Peer 1: 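Take this structure, written in structure tokens, and hold onto it; I'll ask about it next.
Note that the structure is predicted; figures quoted are calculated from it, not measured. Just so we're on the same page: letters track the sequence lines, and every chain starts at 1.
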Amino acid sequence: MKNKTSLAKGTRDFGPKIMLRRKYILKTIETEFQSYGFLPIETPAIEQLDTLSGKYGEEGDKLLFKILNSGNYLKGVDPVDLYESNYKNLAHRICEKGLRYDLTVPLARFVAMNRQELVFPFKRYQMQPVWRADRPQKGRYREFWQCDADVIGSGSLLFEADFVNLIDQVFTKLGISYRLELNNRKILEAIANRYIPAEKFTEFVILLDKLDKVSFDTLVPEFREIGIMEKDLDDLKDFLIVEKLTSVVLEKLRKAFSYSEKGIEGCNELLTVLELFTLSRPNENVFLNLSLARGLDYYTGTIFEVKAKNVSIGSILGGGRYDNLTGVFGLPDVSGVGISFGIDRIYDVMDELNLFAEHSEQKTKALFCHFDEKGRKYNQKISSSIRSAGIFCEVYPDFKKLPKQFDYAESKGIEWVLISGEQELENGTISYKNLLTKEQGTTEPAKLIELIHPKSERGE
RNA sequence: GUGAUUGUAGCUCAGUUGGUUAGAGCGCUUGAUUGUGGUUCAAGAGGCCGCGGGUUCGAGUCCCGUCCUUCACCCCA
């Protein structure tokens with residue numbers, strides 16, 4: 001029986017073992033989100049293609065999954081386009097919907113549509129899958145989950161500081177050694193203004209982003225191409241520091257920006273963020289990286305990026321401040337800031353570094369065993385009472401030999417087996433064995449709860 | 001989108017210059033053992049060699065296409 005079926009490229013099934021771990025990551029993040037006052041929303045997987053198109057740049061548009069119209073999707077199609085395989089024209093004719101590419105644009109749409117009912121600043125979190133028609137590779141999937149928290153409708157730098165703390169709490173809980181890099185779009189603008197005309201800013205930013213992977217020197221030809229003078233190259237190279245974020249570093253930087261108000265503003269913002277997060281949680285993992293740019297060009301202020309130490313898998317979190325995200329949906333001048341955890345990559349990091357603990361609290365604790373219909377009925381009754389007491393348990397479904405039933409318990413990691421045979425039924429008792437400690441005996445059903453989950457462990 | 005790479009039993013993998021009936025380990029089923037698991041021993045089941053075409057007397061093996069895997073680029077979580 002050969003498996004002729006296969007998964008769509010870049011998608012994955014998750015078995016129980018993996019799901020328990022994914023749920024654990026999700027739960028850890030969700031708890032932190034909630035503790036900072038973020039409230040959940042969900043939006044549809046499917047959006048109008050118009051909502052998504054043009055929000056992610058030319059590259060992003062190519063990566064959008066489009067959904068073929070229902071019914072006769074060829075109605076109204078220009079035969080010339082068909083004949084000439086003019087797929088770009090066709091796509092928007094025959095596809096009016098698409099799968100969401102991230103959670104930020106749907107949020108912007110949501111806020112614009114529901115602005116009357118929302119309390120501002122609106123703090124929401126959202127944990128849902130997103131889809132990108134990318135070629136899969138390490139740490140990159142076509143379907144993956146993002147866990148976003150955003151604050152809409154406030155320019156307060158307090159939220160940037162909150163995010164720094166929140167990020168630290170999540171990764172500390174998960175046991176991941178990380179490095180949080182910050183930058184500010186205003187600082188980038190100030191640097192760019194030093195060397196090149198404003199219209200080259202985007203190209204400049206894309207180049208800076210590459211410095212993460214390749215050395216400055218290999219990019220020199222491209223820097224020249226966008227108009228950086230030969231004499232300025234060394235100056236730029238010295239400028240692009242990566243250092244621990246401290247007030248001393250920011251002070252130095254601010255002096256270097258004496259020519260640029262924007263630059264000074266960016267420094268002041270980072271200084272405020274530093275002060276605020278340090279008040280609640282000093283953090284040694286925060287760095288200032290002046291070449292951190294991030295491709296998404298809607299960012300206007302602080303930029304966040306987190307990488308795991310000791311694993312090469314790209315960033316596991318990204319985020320930043322944007323001043324006009326909802327503008328295209330008819331709600332201008334609303335400032336927001338947000339971050340996004342990539343839990344598929346976080347999973348890969350934890351898997352590679354062996355950071356997953358056994359999550360035994362989620363497993364079945366006891367298995368009821370028996371030999372015949374009478375015993376099964378007896379067990380069925382007892383099981384429901386200990387289940388009501390909060391003990392995860394299950395009743396063996398068939399009448400098989402005891403070793404089989406033990407094997408089942410063993411392979412599911414069930415600690416206790418409870419046996420009801422002729423003897424036990426006659427005396428109104430039940431036999432038990434702990435597969436880990438080998439402790440065994442016979443007791444009354446009413447005492448099972450205390451046996452399996454003693455008060456001392458319950459903390460009562 | 002560009003360039004590579006992979007696919008043989010449930011899993012991990014052998015399979016010679018193309019040559020009878022495609023193998024191993026682990027796992028699975030049954031028994032030794034009809035109320036006490038993980039060990040041991042014995043027997044057994046399980047494969048259209050990813051799919052489609054081609055070359056050949058003959059293809060798991062060579063060629064072409066396609067799908068999935070993995071990886072780099074682009075870009076990103």
Peer 1: Rounding to an integer number of Å, can you tell me how far A:Lys400 NZ sits from B:G31 C1'?
Peer 2: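 In whole Å, B:G31 C1' and A:Lys400 NZ are 15 Å from each other.
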Peer 1: Only stems of 3 or more consecutive Watson-Crick or G-U pairs count here, both distances under 3.5 Å; name the ones for RNA chain B, or none.
Peer 2: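 Stems for RNA chain B, defined as runs of 3 or more consecutive pairs: B:1-4 with B:70-73, B:10-13 with B:23-26, B:28-32 with B:40-44, B:50-54 with B:62-66.
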Peer 1: Are A:Phe33 and A:Tyr125 close enough that their ring centres sit under 6.0 Å apart?
Peer 2: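 Here the rings of A:Tyr125 and A:Phe33 have centres that are less than 6.0 Å from each other.
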Peer 1: Of the residues in residues 43-52 of chain A, which ones touch RNA chain B at a heavy-atom distance under 4.0 Å?
Peer 2: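 Those residues whose heavy atoms fall under 4.0 Å from RNA chain B, taken from residues 43-52 of chain A, amount to none.
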Peer 1: Less than 3.5 Å apart, which donor and acceptor atoms pair up between the side chains of residues 305-317 of chain A and the rest of the protein, not counting sequence neighbours?
Peer 2:
unit_1   : atom_1 : unit_2   : atom_2 : d
A:Glu305 : OE1    : A:Arg294 : NH1    : 2.5
A:Lys307 : NZ     : A:Asp212 : OD1    : 2.9
A:Lys307 : NZ     : A:Asp212 : OD2    : 2.8

Peer 1: Hey, which of these two, A:Gln146 or A:Leu436, hits RNA chain B nearer its 5' end, going by closest nucleotide?
Peer 2: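 On the 5' side of the pair lies A:Leu436.
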Peer 1: Could you list, one pair per line, each protein nitrogen or oxygen that sits under 3.5 Å from a nitrogen or oxygen of nucleotides 34-36 of chain B, together with the distance?
Peer 2:
unit_1 : atom_1 : unit_2   : atom_2 : d
B:G35  : O6     : A:Glu422 : N      : 2.9
B:G35  : O6     : A:Gln423 : N      : 3.3
B:G35  : O6     : A:Glu424 : OE1    : 3.4
B:G35  : N1     : A:Glu424 : OE1    : 3.0
B:G35  : N1     : A:Glu424 : OE2    : 3.2
B:G35  : N2     : A:Glu424 : OE2    : 2.8
B:U36  : N3     : A:Gln440 : OE1    : 3.4

Peer 1: Would you mind reading off the distance between A:Leu103 atom CG and B:C76 atom C1', rounded to a whole angstrom?
Peer 2: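 So the two atoms are 14 Å apart, to the nearest Å.
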Peer 1: In residues 302-329 of chain A, which residues come under 4.0 Å of RNA chain B by heavy atom?
Peer 2: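 Heavy-atom cutoff 4.0 Å gives A:Ser315, A:Ile316, A:Leu317, A:Gly318.
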Peer 1: Is there a residue in residues 163-184 of chain A whose heavy atoms reach under 4.0 Å of RNA chain B, and which residues are they?
Peer 2: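 Contacts with RNA chain B under 4.0 Å: none.
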Peer 1: Between P on B:G1 and CZ on A:Arg132, what's the gap in Å once rounded to a whole number?
Peer 2: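 Going from A:Arg132 (CZ) to B:G1 (P), I get 17 Å.
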Peer 1: Which whole-number value in Å describes the distance from A:Tyr408 OH to B:U29 P?
Peer 2: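 From A:Tyr408 OH to B:U29 P: 14 Å.
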Peer 1: Do A:Ser291 and A:Asn289 pair up side chain to side chain, a donor and an acceptor below 3.5 Å, judged on atom types alone?
Peer 2: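 Distance-only check passes for A:Ser291 and A:Asn289.
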Peer 1: Rounded to whole angstroms, how far apart are NZ on A:Lys438 and P on B:G38?
Peer 2: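 The distance from NZ of A:Lys438 to P of B:G38 comes to 10 Å, rounded to the nearest Å.
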Peer 1: Taking only side-chain nitrogens and oxygens of A:Arg294, does any of them come within less than 4.0 Å of OP1 or OP2 of B:C75?
Peer 2: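 For B:C75, OP1/OP2 do not have a side-chain N/O of A:Arg294 under 4.0 Å.
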Peer 1: On the 0 to 90° scale, with breaks at 30° and 60°, tag the A:Phe163-A:Phe304 ring pair as parallel, tilted or perpendicular.
Peer 2: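 Geometry flag for A:Phe304 against A:Phe163: perpendicular rings.
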Peer 1: Whole angstrom is fine here: how far is it from CG in A:Asp212 over to P in B:C76?
Peer 2: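 Spelled out: CG on A:Asp212 to P on B:C76 is 12 Å.
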Peer 1: Between the protein and nucleotides 3-6 of chain B, which nitrogen or oxygen pairs come in under 3.5 angstrom?
Peer 2:
unit_1 : atom_1 : unit_2   : atom_2 : d
B:G3   : O6     : A:Arg135 : NH1    : 3.1

Peer 1: Heavy atoms within less than 4.0 Å of RNA chain B: which residues of residues 335-345 of chain A have one? Give them sorted by number.
Peer 2: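 Heavy-atom cutoff 4.0 Å gives A:Arg345.
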Peer 1: For A:Phe287, check side-chain contact (heavy atoms from CB on, under 4.5 Å) against everything at least two apart and list the hits.
Peer 2: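 For A:Phe287 the side-chain contact (heavy atoms from CB on, under 4.5 Å) partners, ignoring immediate neighbours, are A:Arg179, A:Glu181, A:Lys244.
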Peer 1: Students often mix this up, so state it plainly: with edges at 30° and 60°, are the rings of A:Phe171 and A:Tyr178 parallel, tilted or perpendicular?
Peer 2: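 The rings of A:Phe171 and A:Tyr178 sit tilted, inter-plane angle from 30° to 60°.
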Peer 1: Verify side chain to side chain donor-acceptor pair (under 3.5 Å) between A:Glu444 and A:Thr429, making sure each step is shown before the conclusion.
Peer 2: CA-CA 5 Å; A:Glu444 290 162 35; A:Thr429 58; over 6 Å; no
Peer 1: Quantified in whole Å, what is the C1' atom distance between nucleotide B:C64 and nucleotide B:U56?
Peer 2: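 About 16 Å, rounded to a whole number of Å.
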Peer 1: Using the side chain to side chain contact (heavy atoms under 4.5 Å, CB included) rule, take A:Glu160 and A:Arg321 through it: C-alpha gap first, then chi angles, then the decisive distance, then the call.
Peer 2: CA-CA 8 Å; A:Glu160 269 93 334; A:Arg321 177 169 288 279; 2.7 Å; yes
Peer 1: Rounded to whole angstrom, note down the C1' distance from B:C68 over to B:C51.
Peer 2: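 About 10 Å, rounded to a whole number of Å.
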Peer 1: Are side-chain N/O atoms of A:Glu143 and A:Thr11 paired as donor and acceptor at under 3.5 Å?
Peer 2: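 No donor-acceptor contact under 3.5 Å links the two side chains.
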Peer 1: Using the side chain to side chain contact (heavy atoms under 4.5 Å, CB included) rule, pick out the option among A:Thr104, A:Ile41, A:Asp150, A:Leu39 that qualifies with A:Gln126.
Peer 2: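 Only match with A:Gln126 under side chain to side chain contact (heavy atoms under 4.5 Å, CB included): A:Ile41.
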Peer 1: Below 3.5 Å is the cut-off: list the nitrogen or oxygen pairs between protein and nucleotides 66-70 of chain B, distance only.
Peer 2:
unit_1 : atom_1 : unit_2  : atom_2 : d
B:U69  : OP1    : A:Gly10 : N      : 3.1

Peer 1: Can you check the A:Lys62 NZ to B:C74 C1' distance for me, whole Å?
Peer 2: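 Rounded to the whole Å, the gap is 8 Å.
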Peer 1: Rounding to a whole Å, what distance do you find between A:Tyr56:OH and B:A77:P?
Peer 2: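 That distance rounds to 11 Å.
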Peer 1: Under the criterion side chain to side chain donor-acceptor pair (under 3.5 Å), I'd like the reasoning laid out for A:Glu415 against A:Asn434: C-alpha separation, chi angles, the key distance, then a yes or no.
Peer 2: CA-CA 6 Å; A:Glu415 193 177 341; A:Asn434 184 307; 3.1 Å; yes
Peer 1: Can you tell me how the ring of A:Phe356 sits relative to the ring of A:Tyr24, calling it parallel under 30°, perpendicular over 60° and tilted otherwise?
Peer 2: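 Geometry flag for A:Tyr24 against A:Phe356: perpendicular rings.
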Peer 1: Working note: A:Lys97 + A:Asn69, criterion side chain to side chain contact (heavy atoms under 4.5 Å, CB included); need CA distance, chi angles, decisive distance, verdict.
Peer 2: CA-CA 8 Å; A:Lys97 300 173 272 355; A:Asn69 291 344; 4.3 Å; yes
Peer 1: I'd like the C1' distance from B:C11 over to B:A77, given in whole Å.
Peer 2: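 B:A77 and B:C11 have their C1' atoms separated by 31 Å.
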Peer 1: Only counting residues at least two apart or in another chain, list the ones meeting side chain to side chain donor-acceptor pair (under 3.5 Å) with A:Arg140.
Peer 2: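 Only A:Asp134 meet the side chain to side chain donor-acceptor pair (under 3.5 Å) criterion with A:Arg140.
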Peer 1: Does the gap between the ring centers of A:Tyr195 and A:Phe223 come in under 6.0 Å?
Peer 2: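 Ring centroids of A:Tyr195 and A:Phe223 are no less than 6.0 Å from each other.
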Peer 1: Using the rule given for salt bridge (charged side-chain N to carboxylate O under 4.0 Å, His left out), can you reason through A:Glu32 versus A:Lys173, listing the C-alpha separation, both sets of side-chain angles and the distance that settles it, and then say yes or no?
Peer 2: CA-CA 10 Å; A:Glu32 281 322 308; A:Lys173 275 194 183 170; 2.8 Å; yes
Peer 1: With ring centroids as reference points, do A:Tyr408 and A:Tyr396 lie under 6.0 angstrom apart?
Peer 2: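 When the ring centroids of A:Tyr408 and A:Tyr396 are compared, they turn out to be within the sub-6.0 Å range.
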Peer 1: Between B:G38, B:C73, B:A77, which nucleotide gets closest to the side-chain atoms of A:Lys213?
Peer 2: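 Within the option list, the nearest is B:C73.
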Peer 1: I'd like to know if A:Asp344 and A:Arg22 make a salt bridge, using a cut-off of under 4.0 Å between side-chain N and carboxylate O.
Peer 2: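 Looking at A:Asp344 and A:Arg22, the cut-off is met.
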Peer 1: Have a look at A:Gly57 and say if it touches a base, only the backbone sugar-phosphate, or nothing, with a 4.0 Å heavy-atom cut-off.
Peer 2: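 A:Gly57: no heavy atom of the nucleic acid under 4.0 Å.
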Peer 1: Check this for me, if you would: do A:Arg132 and A:Asp102 make a salt bridge, where the nitrogen-to-carboxylate-oxygen distance has to be below 4.0 angstrom?
Peer 2: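 So A:Arg132 does not pair with A:Asp102 through a salt bridge.
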Peer 1: If you measure from the P atom in B:A42 to the same atom in B:U33, how many Å do you get, rounded?
Peer 2: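 Straight-line distance between the two P atoms is 16 Å.
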Peer 1: Under the salt bridge (charged side-chain N to carboxylate O under 4.0 Å, His left out) definition, can you give me all pairs with a residue in residues 395-408 of chain A, not counting sequence neighbours?
Peer 2: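 Passing the test, one end in residues 395-408 of chain A: no pairs.
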Peer 1: What's the separation between atom CG in A:Leu245 and atom CG in A:Leu288, rounded to the nearest 0.5 Å?
Peer 2: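 Rounded to the nearest 0.5 Å, the CG-CG separation comes out at 6.0 Å.
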Peer 1: Say whether, by atom type as modelled, one donor and one acceptor occur between the side chain of A:Glu450 and the main chain of A:Lys447 under 3.5 angstrom.
Peer 2: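 Side chain of A:Glu450 to backbone of A:Lys447: no pair is present.
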